[in-house]
Amino acid sequence: MTQIRLDKYLADMQFGTRSEVKKLIRAGKVQLDGKTCKSPEQKLDPEQAQVMVEHRLVQYASYEYFMLNKPKGCVSATEDHRYPTVLDYITDHLRGDLFPVGRLDLDTEGLLLITNDGALAHELLSPAKHIAKTYEAVIDGIVTEEDVKAFAQGINIGEKKPTKPAELVVLKSNVISQIRITIYEGKFHQIKRMFEAVGKQVLELKRLSMGALKLDESLQPGEYRALTDDEITYLRERGA
Ligand code: URA
C-alpha cells in the first residue's frame, strides 16, 4: 500500500481539516505505532500503521461502499441548502469524502451507490461504457406495444441525437400503467422525458439496478447497508 502523510490519514478519517489535524499532531495528541509523533508530514502505511488519537485507536478505511435505497425528497448531492442530501442517510461511516455515484431526481427512489472510490465511479458513469440501469415506474397513461418499439429504436427528447435503444417491458397496461425499463445512458430526467415524448407522465420512479449492482429489496426507502466484498469485486470486475 502506498504511504500517506499522518495529517492526511487523520483528515481522511474525519478528525478535522488538514490544519486542525496538524494542530492535534503538534500538540502531541497522536501516537504512531506506540510513540508520540509530532510531525504532520510523517509518512505511514495506512494498512499497517497503528494510530491513536488521545489514546483511542483509529480505525482506517481506504474506501467505503454503501448501497442506499434513496427515498423521495432528498437530493443526490454532497450538500444542499434546501433539502436533505443522500449523504445525510449514511450515518455510520469512516470516510469524510463520500459522494453519490450519479444522480436520481428529488422524487425518484431506489438504488444509489455511495462511495469515495473515484475510479469506480468514473467507470460506472462513463458514457462509453453503456452501463445498464434498470427502473420500475408507474405511468399515467396506457403504455402500448408501439411505445415499446419506439423506445427500442430511440426517442427524440429534444437533444442532438435520439436516446440509445432502451428496453421497455410493460408489466400492466391500463389508464395507470406499470413498466420496467433499462437504459444505457443517463441524460437529465431521461426516463421522464422519454415518456413525455410519447405523451405520458411518469408518476413514480424507482431504480432497481446499476450495472452489476442490484438493490437489496430488504432495504426500505432511507435505509442503507455496506456492499459485501463480493458485490465490490463483481462491480470492479464487471461494472457492466
Ligand atoms: N430518469 C429520470 O427521469 N429520473 C431519474 O431520477 C432517473 C432516470
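All heavy atoms count here, side chains included; hydrogens, waters and symmetry mates do not. In each ligand, atom 1 is the first atom listed, and ligand 1 is the first ligand listed.
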Problem - Residues Lys206 and Glu217 bridged, charged N to O under 4.0 Å - result: yes
Exercise for the section: Give the residue and atom name of whichever protein heavy atom lies nearest to atom 4 (N) of ligand 1, and the separation in Å to one decimal. Expected result: Asp105 OD2, 2.7 Å
Practice task
Give a yes or no on whether Lys192 atom NZ has more than 12 heavy-atom contacts from other residues, nucleotides or ligands under 6.0 Å away.
Solution key: yes
Practice task
Name the closest protein heavy atom to atom 1 (N) of ligand 1, giving the residue it belongs to and the distance to 0.1 Å.
Solution key: Ile191 N, 3.1 Å
Completion exercise
Checking Leu111, Leu208, Leu205 against Tyr135 for side-chain contact (heavy atoms from CB on, under 4.5 Å), the one that qualifies is Leu205
Exercise for the section: Decide whether the shortest distance between a heavy atom of Tyr135 and an atom of ligand 1 is less than 4.0 Å. Expected result: yes
Handout entry: Proximity of Leu205 to ligand 1 by residue part, where a heavy atom lies under 4.0 Å
Key = side chain
Exercise for the section: Can you establish whether the number of heavy atoms outside Lys38 located under 6.0 Å from its atom NZ is more than 12? Expected result: no
Practice task
Step through the shown structure and confirm whether more than 12 heavy atoms of other residues, nucleotides or ligands are within 6.0 Å of NZ on Lys23.
Solution key: no
Practice task
Please say whether Arg103 places an N or O atom under 3.5 Å from an N or O atom belonging to ligand 1.
Solution key: no
Exercise for the section: Find all atoms of ligand 1 within a distance of less than 4.0 Å from any non-hydrogen atom belonging to Thr108, and give their numbers and elements. Expected result: 4 (N), 5 (C), 6 (O)
